[in-house]
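Report on the structure given below.
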Amino acid sequence: MSGESDNGHVDPSIASLISTFRFMMHRKLRRKAHGQYKRHSSRRYIFSAVVIALFMSLIGIGAQKLELATSWVELLLVVALVLFMVYVVVKVSMLIRWCFYWLVLATLILFAMNHGSLFRTITSAPTEDRITLGAKIVLIVLALLEGCTLGLVALKRIAYPRIVLRAKWLNSTWWWRIREAPLPMSLTQNYKSVVFSYLSWDPDEYRLSRSTVTYVGEFDEDGQPHGLGEWTDHTFTGEAIQGIWEHGIPIGPFKSQEYGTGNAFSSIRIGYCKNSMDKDDSTVFYAARDTNGPSYGAAAVECSVSGKFFHHLPYVRILGKGTLRSELEKAAKDDMEPRMNPLNYPLSYLSTFTESLQSRPSIRGSFRGLTPRNAPLSKSVVVRYTDRGIFIPGYIRSRKTSDPNEVRIRRVCPPSHGVEGQHLVAPIFGTQEVSESSQHPTPTLVLPDSNISAASSESDVEFDTGVKRLSITESVDQESSRRARSDKHKKGRSEQPGLVVDGWRQVLDIGGNSSSAVQASRAGYEALVFIHGYNCPLTYGIARLGQLLALGEFPPYIKPFVFSWPSSTTMGYFTAKSVGCSDSVANDLLQFIEDLHDSGFQRVHILAHSMGARIVLSAFRKGCFEGTFAERETTNLEPSFISTSGSDSNLRGKSFIRHTNSQTRYAGLHDGDSLTGEQPGRIQLASFTLLNPDADLSVFLEEDYWTLTRYCSHVTLYADAHDGALFWSEVLGRQQSLGRHPRTLVYTPTGEVLDVDVIDTTSLDVNIHSIRHNFFNLNRMLVDDLYDVIVLGRRAREREGRLSSRWTFSPDGVANGEVYTFLCAPSYVVNK
């Protein structure tokens with residue numbers, strides 16, 4: 001029994017965890033009820049054919065003397081009824097194999113009773129009457145067995161899970177024979193723990209056995225799991241779940257794995273901006289914008305990530321009610337409360353997980369508080385050259401005194417692991433070589449040779465592609481001062497191996513609950529905005545983005561959002577196109593981007609799928625983002641950009657876009673500074689990715705491309721020549737679709753080579769349905785490629801381990817551009 005402490009809180013005990021135990025049992029039963037995805041093989045088609053043949057034989061289809069209809073109308077009704085019954089029987093037999101087994105058994109019995117035939121013509125002979133009566137009895141027994149089987153399955157898969165979750169009359173302690181279990185010695189002393197055992201079915205030994213359940217973590221005042229916690233059920237399909245709980249229920253973010261099967265799941269949180277009148281989980285034909293304006297909220301989505309994938313996942317759970325901008329503005333005008341950014345509401349949910357980890361002891365090593373003193377150091381550092389200067393994914397510049405043209409990397413490790421604290425200096429421009437020292441073996445770093453002074457960067461220069469090995473050493477004085485800094489650094493930080501970048505610090509997902517834009521910018525948050533296509537409700541868009549983030553393991557400083565617009569239904573294609581491209585939807589999207597900037601985000605990635613690409617390109621074409629996104633300051637394109645010849649050097653020239661102001665180019669980023677250099681108050685469009693875009697090809701080449709590249713230097717387009725959805729879009733719209741013609745997306749009508757990474761996905765055939773329109777979040781090659789685009793900022797020419805360039809040719813046979821394809825074999829190719 002649970003008791004109360006002095007402060008009135010209930011002490012954690014078995015009784016206080018009963019409701020949590022029932023919820024976790026419900027999760028287990030729901031996974032079993034919904035089932036797993038299975039491969040569609042030839043055996044399934046053979047099985048379906050056998051079921052259809054047996055069923056049609058039993059109901060007498062094809063019997064010459066059986067009068068089923070006397071007119072054409074009755075015949076059509078009978079045929080429709082039979083087809084419906086066949087469909088139901090096949091579907092049920094696929095899910096419940098015992099229904100098929102009863103069908104086969106009844107068929108064999110009838111064949112035996114009637115000497116090789118299913119039915120006999122009724123005669124006046126007494127023996128024949130008995131045989132016919134026996135056949136009727138077999139059919140009646142078959143119907144009863146089928147009904148009982150369906151009833152038992154419905155009880156097991158539908159009724160029993162609901163009873164376990166909701167029935168108040170169920171005595172859980174008696175039903176599962178729950179009793180106390182001894183506490184293991186390995187449990188942490190930092191948190192309270194509850195351990196008990198219960199009876200469960202063992203599928204290996206086909207008997208009931210006793211299993212142990214352990215919970216370690218935080219509790220609420222009622223003694224239920226609340227906050228950070230770890231639940232472990234040692235049954236074969238039980239869960240080992242680690243993450244955030246709320247009053248006895250795991251709400252995520254969390255990571256989970258079945259104890260015996262290894263099937264893994266991940267729950268993450270996603271913010272959203274919704275401006276449609278539709279329900280969260282459905283769409284309507286007459287799509288309409290919400291007259292009250294957009295609303296902001298957050299959701300938790302659970303996805304399968306490893307092992308078997310389940311039919312009911314991804315599962316989306318809306319957290320709380322969205323906040324309308326109109327309500328906040330009205331409250332500010334009436335002086336009811338101070339004006340606040342509406343994005344603070346979803347941001348408070350998106351940062352809950354890491355905030356709960358701050359200043360908390362570890363749970364058996366599973367969780368550690370993320371603070372600047374004990375955050376794990378990176379084992380690899382990616383240094384990126386961008387149009388705006390040096391960029392290190394996952395890091396933010398911490399001081400202005402460091403040279404913006406230089407990256408200094410230190411290796412930190414325990415003394416037993418080798419020499420600690422030596423520097424790897426990566427000069428970008430205007431640096432000189434340092435004399436070698438023989439005191440210690442020094443690490444080296446291979447970088448392109450660029451002996452160019454900083455002053456000459458303002459003029460036109462040729463980029464040397466040679467490679468030079470830089471030997472990095474230090475003088476004795478430098479070594480002494482360096483060791484003093486290192487010792488001082490150690491006192492404030494636990495010893496752990498990794499890499500430290502001087503003048504930069506890792507982006508820690510902390511302080512996200514603050515409404516201050518300065519703190520958010522210091523944390524280095526980046527927003528990922530997903531704009532879904534038509535016939536896509538809010539929960540569906542969240543589920544698609546959640547599956548991508550779960551499989552890709554995107555870093556926590558990238559905050560995901562879904563922009564949900566009125567997308568109509570399957571038959572409302574033209575309605576969705578009209579409403580989505582309206583000025584009101586464009587203004588809502590603009591307001592959302594501005595709110596992101598006001599919340600402290602200085603970099604945003606846009607991911608547009610299908611008709612979502614048409615929506616955002618239309619907004620760019622209307623000039624909605626003028627003054628919102630930071631513009632790229634570039635010189636006029638060089639003659640080598642013009643596709644007058646197919647030489648390799650001319651084509652490579654498109655990758656270099658030079659800024660007119662070198663100070664802006666190497667300004668870097670400091671805590672609290674604007675990322676856009678000379679354009680304060682604007683947000684940077686870090687990447688723009690089009691996934692099977694449903695947009696007009698000619699309009700993109702003539703208008704959208706030039707507008708888009710004013711703001712973004714990293715545009716990626718994934719196209720599929722066999723996209724079935726875009727095929728019908730071309731038929732209905734009588735225009736070539738942007739996402740269906742990858743070979744034509746290398747040059748503009750005037751001859752300039754497009755500065756767009758065009759990825760042809762036509763050859764991919766894994767985790768792709770027959771329409772080939774929506775697979776970006778399941779195909780492993782595409783997920784990893786999107787990670788490189790969004791997180792690492794790598795262009796297609798840098799992803800040589802995954803992509804292969806393919807030359808395209810103009811009508812006169814001259815090479816004029818590159819289209820990239822994936823380096824992968826078709827799924828049907830196997831070793832002999």
Salt-bridge criterion met for Lys274 and Asp290 (N-O under 4.0 Å): no
Side chain to side chain contact (heavy atoms under 4.5 Å, CB included) assessment of Arg544 paired with Gln547: CA-CA 5 Å; Arg544 299 288 80 80; Gln547 187 68 70; 5.5 Å; no
Over 12 foreign heavy atoms within 6.0 Å of CZ, Arg162: no
Polar side-chain atom of Ser610 near backbone of Gly533 as donor-acceptor pair, under 3.5 Å: no
Ring center gap for Trp245 and Phe23 short of 6.0 angstrom: no
Value rounded to 0.5 Å, distance of CG in Asn767 from CG in Leu778: 5.5 Å
Validation row, ring centre Phe776 to ring centre Phe530 under 6.0 Å: yes
Side-chain (Lys28) to main-chain (Glu239) donor-acceptor, under 3.5 angstrom: no
Side chain proximity check, Leu545 to Asn777, heavy atoms < 4.5 angstrom: no
Student check: side-chain heavy atoms of Leu17 and Pro225 closer than 4.5 Å: yes
Gap between atom CZ of Phe219 and atom CD of Gln224 - 0.5 Å precision: 10.0 Å
Aromatic Tyr315 / basic Arg317 pairing, under 6.0 angstrom, 45° off normal: no
His234 backbone acceptor or donor facing Ser211 side chain under 3.5 Å: no
Tyr296 vs Phe592 side-chain heavy atoms within contact, under 4.5 Å: yes
Any Leu208 side-chain heavy atom under 4.5 Å of Trp201 side chain: yes
Arg210 (side chain) donor-acceptor with Arg177 (main chain) under 3.5 angstrom: yes
Which atom of Asp278 lies closest to which atom of Pro566, heavy atoms considered: OD2-CA, 4.4 Å
Parallel, tilted or perpendicular: rings of Phe196 and Tyr198 (30°, 60°): tilted
Which atom of Asp281 lies closest to which atom of Pro537, heavy atoms considered: C-CB, 3.7 Å
Glu218 side chain to Leu228 backbone, donor-acceptor under 3.5 Å: yes
Least distance between heavy atoms, Pro182 atom then Val195 atom: O-CG1, 3.9 Å
Ile318 side, atom CD1; Ile270 side, atom CD1 - distance, nearest 0.5 Å: 10.0 Å
Main-chain N/O of Leu319 paired with Arg269 side-chain donor or acceptor, under 3.5 Å: no
Between OG on residue Ser267 and CG on residue Leu313, distance to nearest 0.5 Å: 10.0 Å
Minimum heavy-atom distance between Tyr349 and Ala298, given as atom pair plus value: CB-CB, 3.6 Å
Greater than 12 external heavy atoms within 6.0 Å of Arg179's CZ: no
Derivation of the side chain to side chain contact (heavy atoms under 4.5 Å, CB included) call for Asp233 and Tyr259: CA-CA 7 Å; Asp233 185 350; Tyr259 193 81; over 6 Å; no
Nearest-0.5 Å distance, CD of residue Glu526 to CZ of residue Phe601: 9.5 Å
Derivation and outcome, side chain to side chain contact (heavy atoms under 4.5 Å, CB included), residues Leu596 and Val529: CA-CA 10 Å; Leu596 286 174; Val529 179; 3.8 Å; yes
Shortest non-hydrogen contact between Val305 and Ser266, atoms and distance: CG1-CB, 3.9 Å
Asp598 and Asp595, any side-chain heavy atoms less than 4.5 Å apart: yes
Under 3.5 Å donor-acceptor, Ser306 side chain and Ala264 backbone: no
Donor-acceptor contact below 3.5 Å, side chain Trp176 vs main chain Ser197: no
Within-4.5 Å side-chain heavy-atom neighbours: Arg780 and Val766: no
Donor-acceptor contact present, side-chain Arg22 to main-chain Ala167, <3.5 Å: yes
For residues 246-253, run the donor-acceptor check on the side chains, cut-off 3.5 Å, and write out each pair with its distance to 0.1 Å, sequence neighbours left out.
{"residue": "His247", "atom": "ND1", "partner": "Asp220", "partner atom": "OD2", "Å": "2.9"}

Closest non-hydrogen atom pair, Pro393 against Tyr557: C-OH, 3.7 Å
Tyr160: ring-ring contact (aromatic ring centres under 6.0 Å, His included) partners, not counting sequence neighbours: none
Test item: Lys32 and Arg157 side chains (from C-beta on) under 4.5 Å apart, heavy atoms: no
From CA spacing to verdict: side chain to side chain contact (heavy atoms under 4.5 Å, CB included), Lys255, Phe265: CA-CA 6 Å; Lys255 292 184 180 297; Phe265 319 97; over 6 Å; no
Sidechain-backbone polar pair: His26 side chain, Pro161 backbone, donor-acceptor under 3.5 Å: yes
Residue pair Thr235 / Ser200, side-chain donor-acceptor N/O under 3.5 Å: no
Non-hydrogen side-chain atoms of Lys192 and Tyr215 separated by less than 4.5 Å: no
Atom pair OG/CE of Ser172 and Met25 - distance to nearest 0.5 Å: 9.5 Å
Note: Glu258-Lys308 ion pair, threshold 4.0 Å (strictly below): no
